[in-house]
Amino acid sequence: MEFSFTAEQEELRKTVRRFLDNESTEQTVRKLMETPSGYDPRVWQRMASELSLVGLAIPEQYGGAGLSAVETGLAMEEMGRALFCGPYLSTAVLASGALLRCASEAAKKRFLPEIASGKTIATLAVAEQPGHLDIAALKTSAKRDGSSYKIDGIKNFVLDGASAGVIFVAAREGGALSLFACDANASGLGREPLPTLDLTRKLGRISFSGASAEKISSADISAPLADTIALATAILAAEQAGGAARCLDMATEYAKTRLQFGRAIGSFQAIKHKCADMLVEVEFARSAAYNAAFAAADSSRDDLAAAADIAKSYCSEAFFHCAAENIQIHGGMGFTWEHPAHLYFKRARASSVIFGDPIEHRDKLAASLGI
Amino acid sequence: MEFSFTAEQEELRKTVRRFLDNESTEQTVRKLMETPSGYDPRVWQRMASELSLVGLAIPEQYGGAGLSAVETGLAMEEMGRALFCGPYLSTAVLASGALLRCASEAAKKRFLPEIASGKTIATLAVAEQPGHLDIAALKTSAKRDGSSYKIDGIKNFVLDGASAGVIFVAAREGGALSLFACDANASGLGREPLPTLDLTRKLGRISFSGASAEKISSADISAPLADTIALATAILAAEQAGGAARCLDMATEYAKTRLQFGRAIGSFQAIKHKCADMLVEVEFARSAAYNAAFAAADSSRDDLAAAADIAKSYCSEAFFHCAAENIQIHGGMGFTWEHPAHLYFKRARASSVIFGDPIEHRDKLAASLGI
Amino acid sequence: MPEHQITEEEVRERVRALLKEAHPDKTDQFTFRGKQFDHGLAWVHFPKGYGGLGISPGMQTIVADELHRNAKTTYDDMAINPIGIGMGAPTVLTHGTEWMKTNLLRRIFTGEDIWCQLFSEPGAGSDVAGLATRAVREGDYWKVNGQKVWTTLAHVSRWGMLLARTNPDAPKHSGMSYFLLDMKSPGVDVRPLYQITGEAEFNEIFLTDVQVPADRIMGKEGEGWKVAITTLMNERTAIGGATARRGGGAIGVLVDLWKSRAPAMYSAAHETVMRDRITRLYIESELLRMTNLRARAARKAGNPGPEGSVAKLAQAELNKRIWECAMDVIGGESLVYEPGFARRRPAANDHPSRLLQAKYQFLRSRANSIEGGTSEVMRNILGERVLGLPGEPRGDKDIPWKNIPRSA
Amino acid sequence: MPEHQITEEEVRERVRALLKEAHPDKTDQFTFRGKQFDHGLAWVHFPKGYGGLGISPGMQTIVADELHRNAKTTYDDMAINPIGIGMGAPTVLTHGTEWMKTNLLRRIFTGEDIWCQLFSEPGAGSDVAGLATRAVREGDYWKVNGQKVWTTLAHVSRWGMLLARTNPDAPKHSGMSYFLLDMKSPGVDVRPLYQITGEAEFNEIFLTDVQVPADRIMGKEGEGWKVAITTLMNERTAIGGATARRGGGAIGVLVDLWKSRAPAMYSAAHETVMRDRITRLYIESELLRMTNLRARAARKAGNPGPEGSVAKLAQAELNKRIWECAMDVIGGESLVYEPGFARRRPAANDHPSRLLQAKYQFLRSRANSIEGGTSEVMRNILGERVLGLPGEPRGDKDIPWKNIPRSA
């Protein structure tokens, strides 16, 4: 297994970090998190056109950069560090991932360039219940209505569900699961923004009451949809690894400069050893996220699902623990609204649930390993 | 709930500790653990006659001290501290507990005074398999043979199974479970001492091949036998609490006197905070063990099984953790044969398995609480 | 001393006498509690004349019991004036001037005067004795400048217990004095401090040229740390309160949430793993409760052991784990935060449903291991004061405070 | 320098040339490895004449590969002379005298001379630099007195790397010197040190008036710590070895034990909880393996990061948990210890079955977080050297060693 990045990949990381250092400051995050859409269209446009970040993993023939999940993961790791507010996971990972894996050539040609160019914010609506995400149990239904379809059902916890322009929705036509494209303004479509614990990532609840949609897949999408979600799970783990690393950096920096009893608190073993344990977690989280991204990018590997389960279960717990320890190390200050520690803590909690919690991922992994 | 001991109980604790300070020194423990029977008959005799420890919870009419599980628990806590080597759990807790709960008046009159006086070492043979102790699944069978019975089956991990003079065995006559008394010299009885991880507590494997035995119960003993095992579980938890407390004492003492980098290692937070966490565990373990002993002693309470599950699951993990941390705090020295730390570590590991491991106890507790 | 021989029955009689004079169901809080104070039934272990009878503190439960028997209206000290009653009154009794005892204790008990505590500073958290707020003597007054933080109830308080540095040339512990601060004095600026939940339970206090009359000092000049210890000791006792009911408190909410979860929300394997985790938390909650009962029994027997000191550390860490687990029980719904993060002052019973309570407490409980002594400080205390392990080498104890390095 | 341009193919040619001269399947270990040394194929990054070719250490894998291709007999450096090859040779190369390099390196590589390391003492564990073994100059000799401990292989060693105090008046780090000790010298008493498993992997060494010739010093007098650092750095590299195979090593044994457990040994709930725990350990084992691969890739790229330092800490703690879990899988059978605790020297392949291996490793692994740097010391290293956190105030650094308090 190769565990190193090319010079181009390292350069991409630096570029993204520089960009986010300017465009995703704490002040910006706080401003955006109080807005309904939770992102800045100007910045999104720059990410798409100047940095080609939105279409990183979209093939060049569809207007993308033609790179892979490895690059997407690197970019997301940096976004995790910076607590970037924007529809990257929904648009650049889930929606474009689903299009590439499930959709017809015509649909790819139609939607992918719009996504890559930053013109369209899109999302993928799958989950219906608050618990386990079970693709086989999805109930949202589609009924043929002339050349288009009518969708009925409720999709919950849809990433950027209230702000996306196009919603790709997994619905069942009889037994088979298909992918449908539904315009945000379609009649019969109700969108309710959810008040989120993590203000930096917006969620919506979408109710389809005979909402008009276009079918864009041919065969049953259960398998490619699961693959899409495994990909997004791997990329989300990279974001978590970045968040965990940033928490360690914040805690370490504070521990170096905060004096109590006449010494830097980082000179006390209670704090120093917490930081050391966080470091182990951060390095393990990175290994997990990189491995999952490599698995997604390497067509000769067949272990993406397992790698994603490993990455998400570990990175969720590592990020949560680092975010919690960061609060503890900051003491009372870390508990205030004005300090950013709580923003990472809430992000860590919320991202640990999306696509399945750690116990679920371990359950799936164990089943695949015969444990 | 009352959580204090009477002056008499406190005095008993002191007496037991004084006695064990002399009779269960590390040197004695090391000598006895290398012997097959693992105990010193002279000391056992003194415990029985001078201190009345063996018959503590045996009613006076059967030659005992007429006290309760509270006193037995206190005594066992002290034995746990001192790593006492002797058949207390088998003889004074399990065998006499089973007699009191399951046996006929005649059997009580015959066996209990002999046990209380120190004349008879006895044990109770129940478990057959290495896993879960399931009374309903016991297979050892009894067949009537004139006025006595023939027992067939194998009992495993029998406490002091190779040295006890009388073995009380749970066997099935048809569907009903009964208690039988089997002399150690009975024909058809095979006893194999097991090489134990914990050298300070002896175990045997007993095979009954038509071994001659006397039936000493009348009704089915499933319920009172379970009650006996709950009692023994509670008392074993007290022993574990004592062991954990002793490990904390050893670690603390060492941390005060061992100098590295010109300071006592206990002045480093890495060590100090380990000790503090051990202290929390030790106090919780004590609370758990006392509560279980009070539950066993108080006939108005019906929560012995739950209290024993709480106590044993918690005390097992607390003792193991304290024993492991004691080794770690002692560094290389704690890893040597010549230092007693490993004796506690092995005792902790072994006692966590006897009567069911922590997960099993939590499983039972959850079922009883409807969790 | 006849006071020491007052029997339980006599206490009950005194309560009944009080109730004849003023009944809480028929008078207001201030009137009734004022009478309760005058009858010596406010805090029975205080001396006569100061709201007590000079008898064992254990007798207070008899007062509560008898009041409960005879009246529907009951008052909770901790709701009325937690800091005043829990910490202010004992400090005034031990270190206050005669004027303070006579004029302040009764109004603390009635709740007419709410109190707050001004110890912590942005630069002095775990290291309270490192504080930098300066008090300089100017004639009959002390002029105070500095900043305090984490001040509960400051925005409604009449009096503040203020610890300030009066001698920067002395070592840190011996250069502080303890003042009674009139919170309405000019120069006292109280600002809400918003926390992770979006609420402002606490305040920041900016003190600018605040004048404190010279006779408002408690204890002697330079001996403020000694007085502060009295206050802090009473804080720890107040925090160490136990959940007296089996399966009550946080664990009760968790178990209820678990039992009422939607069927088949997760796989069977997931549910089994969660069940073991919840059972483990149940066990630890029970053992914390029992350890508190043991501590209470030991105190009663005049033989306090380490059980009490253990509770603060254990409770803080356990609470966090319970609410984390509750969020996992809630599953996807935990992504949604219905209470919102509106910046405001908290009110009682804000979160009536167990679901909302869990979400709120998940955030709020993060402070449990920080407030009233961080878990790291508690482990130091357990290690050093209970187990007798040596302290760390200290570079900040015997040098002038002004020479100790501190954060900007 | 033409050496630096030796290609992979040229290395393979040199190996084939060696094999023509001496083939391991046909000669004994000493002869073959002696020739390997002479061909510069012992440690290719060493200079010519000292068993190397002065090329990149990465090329050593080419040598191993080519040997493996052409011969059935393979030798494992770590089995033949772990301390001599792993730590002794680099130390001799860097700090040894010309005589040492010429006369010792070849015999280290062949395994004719086994080496051991004499640093740790009963009173100097984590604090190695606090050691008390004294070396006093007497004419052409140093007279050494003291006690060493944890000395692997001392009972079969020809040479020992001895760190001793030559100047007790100097601060601790600058009063030590580094000696090459002939283990057959009079006054060297090697005794087995039995451990928790009943085996004696280690020894205690008692040194009584041992004479060490003055030219057996390595580095300068008083600069022994510098030499010791070279030795220790190579120790850490040796310990940081990764399990290269997915699911191999300890976790492989655990998973095998789990898969082959008796059916229905425990309740379904019990099994599900265990399954989650094993899966968690599997994940962490995989991540440790991957982190080691990342460390290797980073070293290859000349850009070593923190991944390597993380491995020692993580592996020690993980190993303990894996073997604890294995015991829980075994259940009641874990009460039985078939290997026994006979006091003896360990041999290779002592515990062929997975069951016995688990029981043995359960005990043996307790030392993982102590040997080669305790987990507490490793956390200090990670905190200070990797994260840049400040050290603790030290009272033992700048005063004469003899004035530092130490254990009896």
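Each chain gets a letter, A, B and so on, in the order its sequence line appears, and its residues count up from 1.
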Chemist: With a 4.0 Å cut-off, would you call D:R343 and B:E34 a salt bridge?
Modeler: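 The answer is yes: the pair qualifies as a salt bridge.
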Chemist: Please examine the side chains of B:I327 and D:I196, heavy atoms only from C-beta on, and report whether any two atoms are closer than 4.5 Å.
Modeler: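 In contact.
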Chemist: Which distance, rounded to the nearest 0.5 Å, do you find between the CE of D:M327 and the CZ of B:R349?
Modeler: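 Between D:M327 CE and B:R349 CZ, I get 5.0 Å after rounding to 0.5 Å.
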Chemist: Roughly how far, to the nearest 0.5 Å, is CD of D:E338 from OG1 of B:T196?
Modeler: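 With rounding to 0.5 Å, OG1 (B:T196) is 11.0 Å from CD (D:E338).
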Chemist: Measuring from atom NE2 of B:H361 to atom NE2 of D:H270, what distance do you get when rounded to the nearest 0.5 angstrom?
Modeler: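 It comes to 9.5 Å.
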Chemist: So, do D:F341 and B:P195 sit near enough that their side-chain heavy atoms are less than 4.5 Å apart?
Modeler: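 Sidechains of B:P195 and D:F341: no contact.
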Chemist: With respect to chain B, which residue among D:A269, D:S120, D:A124 yields the maximal number of heavy-atom pairs within a distance under 4.5 Å?
Modeler: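 Top count of heavy-atom pairs under 4.5 Å with chain B: D:A124.
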Chemist: Quick check: do D:L193 and B:E338 have side-chain heavy atoms less than 4.5 Å from each other?
Modeler: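 Counting from C-beta outward, D:L193 and B:E338 do come under 4.5 Å.
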Chemist: Looking at B:R258 and D:D127, does any basic side-chain N land under 4.0 Å from a carboxylate oxygen?
Modeler: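 No, B:R258 and D:D127 are not salt-bridged.
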Chemist: Assess the pair B:F335 and D:Y194: is the distance between their ring centroids shorter than 6.0 Å?
Modeler: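 They do not qualify: ring centres at least 6.0 Å apart.
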Chemist: How many angstroms lie between OH in D:Y337 and CG in B:L199, if you round to the nearest 0.5 Å?
Modeler: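 CG of B:L199 is found 10.0 Å from OH of D:Y337.
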Chemist: Within the side chain of D:E333, is there an N or O that forms a donor-acceptor pair under 3.5 Å with the backbone of B:P130?
Modeler: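 No; judged by distance alone, with no hydrogens or angles, the pair does not exist.
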Chemist: Mind checking whether D:L363 and B:F345 have side chains closer than 4.5 Å, heavy atoms only?
Modeler: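 Heavy-atom side-chain distance check passes, below 4.5 Å.
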Chemist: For the CG atom of B:L203 and the CG atom of D:L335, what is their distance to the nearest 0.5 Å?
Modeler: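 Answer rounded to 0.5 Å: 5.5 Å.
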Chemist: Could you check whether any side-chain heavy atom of D:R366 comes within less than 4.5 Å of a side-chain heavy atom of B:H342, counting everything from C-beta outward?
Modeler: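 No, their side chains stay 4.5 Å or more apart.
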Chemist: A side-chain contact here means heavy atoms from C-beta on lying under 4.5 Å apart; do D:S334 and B:L197 qualify?
Modeler: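 They are not in side-chain contact.
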Chemist: Before giving the answer on side-chain contact (heavy atoms from CB on, under 4.5 Å), spell out for B:W337 and D:T197 the whole-Å C-alpha distance, their side-chain angles and the decisive distance to 0.1 Å.
Modeler: CA-CA 8 Å; B:W337 188 268; D:T197 56; over 6 Å; no
Chemist: How long is the gap from CZ on D:F362 to NZ on B:K346, to the nearest 0.5 Å?
Modeler: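 So the gap between those two atoms works out to 9.5 Å.
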Chemist: Is there a donor-acceptor contact under 3.5 Å linking the side chains of B:E360 and D:S267?
Modeler: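 Note: B:E360 and D:S267 side chains miss the donor-acceptor criterion.
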Chemist: Less than 4.5 Å apart, side chain to side chain, heavy atoms only: is that true for D:E392 and B:R263?
Modeler: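 Contact flag for D:E392/B:R263 side chains = yes.
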Chemist: Using a 4.5 Å cut-off on heavy atoms from C-beta on, say whether the side chain of B:Q328 contacts that of D:S369.
Modeler: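 They are in contact (side-chain heavy atoms under 4.5 Å apart), so the answer is yes.
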